[in-house]
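Heads up, the thing below is written out as C-alpha cells.
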Protein chains: 2
Amino acid sequence: MNHTLPPAEAYSPRQNAVLESALGLLVEGGERALTTAGVARAANCSKESLYKWFGDRDGLLAAMITFQSSKVKAEPAGSGSTGRGALVAQLTGIAATLLKVLAGDVSLALNRLAIGQAKRGEADLGQLLREHGRRPIETRLSALLESGRRERLLDFADTREAYRTLYGLIVRDMHVRLLLGDSLDGEEPAKRAAQGIKEFFRLYGTEENTGPAPERAGAGNERTG
Amino acid sequence: MNHTLPPAEAYSPRQNAVLESALGLLVEGGERALTTAGVARAANCSKESLYKWFGDRDGLLAAMITFQSSKVKAEPAGSGSTGRGALVAQLTGIAATLLKVLAGDVSLALNRLAIGQAKRGEADLGQLLREHGRRPIETRLSALLESGRRERLLDFADTREAYRTLYGLIVRDMHVRLLLGDSLDGEEPAKRAAQGIKEFFRLYGTEENTGPAPERAGAGNERTG
DNA sequence: GGTGCAGCGTACCGTACGGTACGGTTCCAG
DNA sequence: CTGGAACCGTACCGTACGGTACGCTGCACC
C-alpha cells in the first residue's frame, strides 16, 4: 500500500474515469477548484474511495500527472528511412507534436499546478512532471539528433546542448507565456516547428546541409535563385 | 482609494519594507506561506494596515509584483557607440542580465505565484508580470535589434519574430526547468548569453557578420579536415 | 439465502485562512 | 493638555477544505 510513488502500471478503469474527471476540473477552474469534495462530486465517487485509491490529495495530483502522461505516449516510433529529408520530416513532426502538447489545456493546467506547488528546494510534482513529460521528448529528439550526426547530416559535440538549442528554437518563450495566461495569437504549431528546424539546421547542419539560406528579410518573396 | 490597479508611484518606505518582508516570505515558503497573518507577523505590522494599504490579499500580491519590478529597473541605457562589437557587447550584457534575473529567487517565486494563480482565461497576475517583467526586456532588446538592422549588421523582417528567436536561443528551456524546481547545474549566465548571441548572429547576421563559424563538433579538437 | 466486500453519499471534525473589529500606544497639531 | 490620526497586536468570525467515520446499497461467491 505504498501511495508515495504512483505505480507504473495503469489504474483501474474506474480510477481512470475519476482521474479524467479530476483533470477536467483542474483545467476548468485551476488548482483552487480541485478539492477532494469537488472531485468526488464530479466523478460520482466518495471521498473515502479517493483516499483509499490515492492516499491523499498529493497522491491524487501525482496520479493525475502519471495518468495524463500515459495517455500522451505511444507514438509511431518513426520510420527507419534515412537521409536529410527524412530527418527533417521526423524532427518537424516531433517538434509540432511537442508544441501542440505544450499548448494543450491539460498540459498547461498540470504544469501550472506543479509550478505553483514548487518551492525553493522541494519540488515534488515538478520532478514528476519533468520525468514523465519532458524526458521522453528529450530522449526521442536526442536519439534523432545523434542518428543525424551519424549520417553526417548534423554536426555538434554535446547532444544535450544541441537538444536544448533545438528546444529553444522551437518553443522559444511560448510555454511560459501560455503558462502566464497569454494566448498564442496565430502561432501555428506546424509552421513554427518547420521554422525552428530550419534554423537549427542553419546552426548545426553540416556545411552542405545548412539548408537553403531561408527567407530572411523578405518573408514570402523570391527564393534565392 | 482604488486598490484594483497598483499605483505607478512608489509606496511609502514602510510599505516597501512590508513588501520586502512579504517577498522574503514568498521566496522561502512558496504561496502557502504567504498568509496575511504571516506577512503581518514577519513585517511587524497589523493585518488591518495590510488591508488598508493593499485592499485585500490579491492587492498585496499585485503590489509585490510591481514593487519587485520597480527594483529591477534603472539600468545604464547602453553607450551610444556603434559597430558590430558594440552591438554584440550590449546584446550579450542584456542577455546575461536577463538570465540572471530569470534565475533569481524572487523572480522565480513571483512567476510561480502568477502561474499557479493563472487559469484558463483569467490570468490577473500573469498579465501584470508580463507587463512589468517581460515587456521592458522585449522593448530594450527589440530597440537594439532594430538599431543593428539600421547599421546593416542584422537582417530580419519581423522584429518580434527575431526577438523571440533571440529569446529562445538565450533562455531555451532554462526558465521552465527552474520554475519546475530543477536546478541549473553549471549553466553560466555570461557564457550562455555569449553563446546565444553568437548563434543569433549566425542566423540573422548579414553575410559578412555571421561571426566566425564557431566551434562546432570539435570543442577543442580537429576542425573538419 | 447468507456473508462479506467494495463503494457511494453524507455527516462530521479540526484546522487554517481571509477579512473585520477593538483596545491600546505613539506621535503630531493646535 | 487635548483631540485625532495612524498603527500595532490580538481576538474574533465565517467559511472552506483535508481527512475520517458511518450507514446504506449492490454484487460476487458459497
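Per chain, numbering begins at 1; letters A, B, ... match sequence-line order. For the numbers below, each heavy atom of this structure counts, side chains included, while hydrogens, waters and symmetry mates do not.
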Salt bridge B:R57-B:E31, side-chain N to carboxylate O under 4.0 Å: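 Between B:E31 and B:R57 there is a salt bridge, with a charged N closer than 4.0 Å to a carboxylate O.
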Atom [atom1] of [X] and atom [atom2] of [N]: how far apart are they, to the nearest Å?
X: B:L50; N: D:dA6; atom1: CG; atom2: P; value: 16 Å
X: B:N44; N: C:dT25; atom1: CG; atom2: C1'; value: 15 Å
X: A:R14; N: D:dG26; atom1: CZ; atom2: P; value: 16 Å

Side chains of A:E199 and B:Y204, donor plus acceptor under 3.5 Å: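 A:E199 vs B:Y204: donor-acceptor pair found between side chains.
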Taking [X] for the side chain and [Y] for the main chain, is one N or O donor matched with an acceptor at less than 3.5 Å?
X: A:R164; Y: B:V171; result: no
X: B:R130; Y: A:R177; result: no
X: B:S70; Y: B:F67; result: yes

Spatial distance of atom CG (A:D173) from atom CD (B:E138) [nearest 0.5 Å]: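 Between atom CG of A:D173 and atom CD of B:E138 there are 8.0 Å.
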Side chain of B:E48 - closest among C:dA6, C:dG9, D:dC8: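 For the B:E48 side chain, the nearest candidate turns out to be D:dC8.
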Using nucleotides 16-18 of chain C, report all nitrogen or oxygen pairs with the protein that are shorter than 3.5 Å.
unit_1, atom_1, unit_2, atom_2, d
C:dG18, OP1, B:R57, NE, 2.7
C:dG18, OP2, B:T36, N, 2.9
C:dG18, OP2, B:T36, OG1, 3.2

Side-chain N,O (A:S49) to OP1/OP2 (C:dC8) below 4.0 Å: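 So the side chain of A:S49 is within the cut-off, an N or O lying under 4.0 Å from OP1 or OP2 of C:dC8.
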N/O (side chain, B:W53) to phosphate O (OP1/OP2, D:dA6) under 4.0 Å: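 Indeed not, no polar side-chain atom of B:W53 lies that close.
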